[in-house]
Amino acid sequence: MKQHIQSLFQHAFDQLQADNVIPADHQAVIRIERTKDASHGDFACNLAMMLAKKARMKPRDLAEKIIAALPNSEAVDKVEIAGPGFINLFLTSNASHSAITTILEQKQTYGLSQIGAGKSVLIEFVSANPTGPLHVGHGRGAAYGAALADLLKAAGYNVSKEYYVNDAGRQMDILAASIWLRYLDLCGESFTFPSNGYQGDYVWDIAATLHRENQDKYRHAASDVFADVPADEPDGGDKELHIDGLINKMKQLLGEQTARDVLQLGLDAILGDIEHDLGQFGVTYDEWFSEYSLTSNNLVSKAIDQVKDGGFTHEQDGALWFKSSDFGDEKDRVLVKENGALTYLASDIAYHANKLERGFDILINIWGADHHGYIARLKAAIQALGADASKLQVLLVQFATLYRGQEKLQMSTRSGKFVTLRELREEVGKDAARFFYVQRKAEQHLDFDLELAKSQSNDNPVYYIQYAHARICSVFRELSEKGGEWDIAKADLNRLDTSHEAELIKLLSRFPETVENAAKAYEPHQLTYYLRDLAQAFHTYYNAHKFLVDDAELSQSRLSLCKAIQQVLQNGLTIIGVSAPEVM
RNA sequence: GCGCCCGUAGCUCAGUUGGAUAGAGCGUUGGCCUCCGGAGCCAAAGGUCGGACGUUCGAAUCGUCUCGGGCGCGCCA
């Protein structure tokens, strides 16, 4: 409908240019807006005010000429000039009601858009180190990423979701060493666990598996393991040197391959746990991309060579540097350390080279806000690889602060209260968690109140919206219990003439635009506000009018409207990963 | 010190990309049918959009400066 209106104005604009009212070379973007106030009609256009200067006319005079040039349309009831020169359009009731029939015909596909047709997007999100279970801090990235993916799909994009698994590097070695040490403990060795090792219970669980499957096969005397290893921090040494010494000793005593096997066992267990957790959270991936696969296939050194061949590196202090400052980064970054080891950036460049090779049109990375300093160097890398920096969109998600009512929860591992995403889900439920995480714009700090998320009242927007859906379902249950049946053929939508109904129909017709705007801006939160508005309008309607009335034509008309509302609530909730229950 | 994000009602936040009288929820106050689900509805009160200057027909929105809060500035990942 909006497009139809726009084409009318475009026609008028062309006409006025032909008549030399507006300079022929002038280009104008015609914007049609929804009105806020019903007295301003359904749509408004500010074209007259935009062009007044060019046409050397008063806005209101120009508006009259524009209106005179507007082609006739069956959808438009009347046109008015208002305020400083707005042109307001009022739709005919038939045109308004067409939204209902459209929704009932298109069902689940109502609201889908084609603005992304033919474009492919890779969304990488969460990508937490597989060294332990997911934290509530990861939840926001998970909920936002999944909702954004579904939103972009709804807008017609071809979307792939990916989790980058950091299964190479020092953190993984520390995990492997932690598992092996716990295993040695289970074998009966006694020693002090390193202060920098992973202390969580899940490490014990993995060690127990290792012990169950291999008995004492990988056992070495603690005295051998700790011989010549630098002292730990509590003993006056350095915790980093201590753990590195233990890692080296593990590789030496077990051999590289066996050490990798231990690592792999831990990795599989933890990653399996993460995948299961996210699955329960309604978040799934198309690809789990292994960082280790990059190194083992030599892709990292290949990527470094590519950057080097482009002339974007230099050597200094025995290290190889990437001249990212050539592309606007504050300073250059190390790719290969003095000791020959690769930096995280090096494998990240290889990873993004791989993403580019796979031919995506848009690469979206969702990161925690604390990583914003990293954006410039990665964008620099994209350019060094010969691609356009704008291809990479890094979306930052601010931190969420957990509250229990007034009480702010400390999310430290040590406090032991409420740390994992699983606990959050178990406490407040998937729907509430998903909704709360996406109801704020990503760049807003989020206060997540557990009490509110659990409360069953108007305070809680999730239940409020779901309740609207369930209520409609309940009306139809009541209808069939009374032996009635919904049949739109027996409806006359012109009977929907109350202000409540006009408001609802207007909201329903706005859904496709809302999806489009939210997708363009990467802002799923726009949907949460839309859904709340729609639910509220329905609850108001419900209290003001009865649907199951003796007047069959009226009753069928109202039921048709209800059915359309139910459909849109369902479509919207689905995009943000929240269920639309028939009973609550 | 430099960079990024945020400052809107007592609290938590929207604000259709520069439009008409700045909107919701919570909280406060007062109301609602023996009725299709009260997890609901109606109403009232509540504002110098952090501040200043600028851009123009028009600014919460754009620009400069300034104040306040969060985060980041490793040969860590």
*Which atom names give the shortest non-hydrogen contact between N88(A) and A44(A), and what distance separates them?*
OD1-CB, 3.3 Å

*Fit a plane to each ring of F448(A) and Y437(A), take the angle between them on a 0 to 90° scale, and name the class: parallel (under 30°), tilted (30 to 60°) or perpendicular (over 60°).*
perpendicular

*Should the pair R170(A)-D244(A) be classified as a salt bridge under the 4.0 Å nitrogen-to-oxygen rule?*
yes

*Can you give the dot-bracket line for RNA chain B, where a pair is Watson-Crick or G-U wobble with both atom distances under 3.5 Å, crossing pairs use [ ], and | marks a partner on another strand?*
(((((((..((((.....[...)))).(((((.......))))).....(((((..]....))))))))))))....

_Check this for me, if you would: do E513(A) and K2(A) make a salt bridge, where the nitrogen-to-carboxylate-oxygen distance has to be below 4.0 angstrom?_
yes

*If you look at every strand shown and take non-hydrogen atoms under 4.0 Å, does N88(A) touch a base, only sugar-phosphate, or nothing?*
base

*Would you indicate, yes or no, if G38(B) has its OP1 or OP2 atom less than 4.0 angstrom from a side-chain nitrogen or oxygen of R471(A)?*
yes

*Counting just side-chain N and O atoms, does Q444(A) come under 4.0 Å of either OP1 or OP2 of G70(B)?*
no

*Touch class at under 4.0 angstrom, heavy-atom based, for A376(A) against every strand present*: nothing

_If you compare every side-chain N and O of K379(A) against the phosphate oxygens of C4(B) (OP1, OP2), does one of them come in below 4.0 Å?_
no

*Compare the minimum distances between each of A77(B), C41(B), A39(B) and the side chain of H371(A), then state the nucleotide with the smallest one.*
A77(B)

*Looking at every strand, decide which applies to H545(A) at a 4.0 Å heavy-atom threshold: base, sugar-phosphate, or nothing.*
base

*Flag as yes if F86(A) stacks onto the base of G19(B) (centroids under 5.5 Å, planes under 30°), otherwise no.*
no

*How would you label the contact of Y542(A) with the nucleic acid (heavy atoms, under 4.0 Å): base, sugar-phosphate, or nothing?*
base

_Using only atom types and a distance under 3.5 Å, with no angle test, would you say the side chain of Y467(A) pairs donor to acceptor with the backbone of A535(A)?_
no

*Between A9(B) and G23(B), how far is it from one P atom to the other, in whole Å?*
14 Å

_Using a 6.0 Å distance limit plus a 45 degree cone around the ring axis, check whether R60(A) lies over the aromatic ring of F86(A)._
no

*Nearest-neighbour nucleotide for the R440(A) side chain, C13(B), A77(B), A14(B) considered*: C13(B)

*For C13(B) and C36(B), measure between their P atoms and round to the nearest Å.*
40 Å

_So, OP1 or OP2 of U16(B): does either fall under 4.0 Å of a side-chain N or O from K2(A)?_
no

*Just checking Y529(A): base, sugar-phosphate only, or nothing, at a heavy-atom cut-off of under 4.0 Å?*
sugar-phosphate

*Considering only side-chain heavy atoms of H445(A), which listed nucleotide, G69(B), G3(B), G37(B), is closest?*
G69(B)

*Classify the side chain of D173(A) versus the base of A77(B) as yes if they form a donor-acceptor pair under 3.5 Å and no if they do not.*
no

_Heavy atoms only, 4.0 Å cut-off, all strands: where does A82(A) land among base, sugar-phosphate and nothing?_
base

*Base, sugar-phosphate, or nothing for A544(A), non-hydrogen atoms under 4.0 angstrom?*
nothing

*asked:* With a 4.0 Å cut-off on N to O distance, would you call E501(A) and R495(A) a salt bridge?
replied: no

*What is the nucleic acid contact for H525(A), judged by heavy atoms within less than 4.0 Å: base, sugar-phosphate only, or nothing?*
sugar-phosphate

_Whether the side chain of H372(A) and the base of C71(B) hold a donor-acceptor pair under 3.5 Å is what I'd like checked._
yes

_Distance alone, cut at 3.5 Å: any donor-acceptor contact between the side chains of E523(A) and Y529(A)?_
no

*With a non-hydrogen cut-off below 4.0 angstrom, is D317(A) in contact with a base, only sugar-phosphate, or nothing?*
base

*What orientation do Y541(A) and F538(A) show, parallel under 30°, tilted 30 to 60°, or perpendicular over 60°?*
perpendicular

*Would you classify A319(A) as touching base, sugar-phosphate or nothing, given that sugar-phosphate means primed atoms plus P, OP1 and OP2, and contacts are heavy atoms under 4.0 Å?*
base

_Of the options A20(B), A77(B), G37(B), whose atoms approach the side-chain atoms of Y374(A) most closely?_
A77(B)

*Could you tell me whether the phosphate oxygens of A20(B), OP1 or OP2, come under 4.0 Å of any side-chain nitrogen or oxygen in K36(A)?*
yes

*Ignoring hydrogens and angles, are the base of G72(B) and the side chain of D370(A) linked by a donor-acceptor pair under 3.5 Å?*
no

*At under 4.0 Å, does any side-chain N or O of K337(A) touch on OP1 or OP2 of C76(B)?*
yes

*Of the listed nucleotides G25(B), A77(B), C75(B), the one nearest the side chain of Q536(A)*: G25(B)

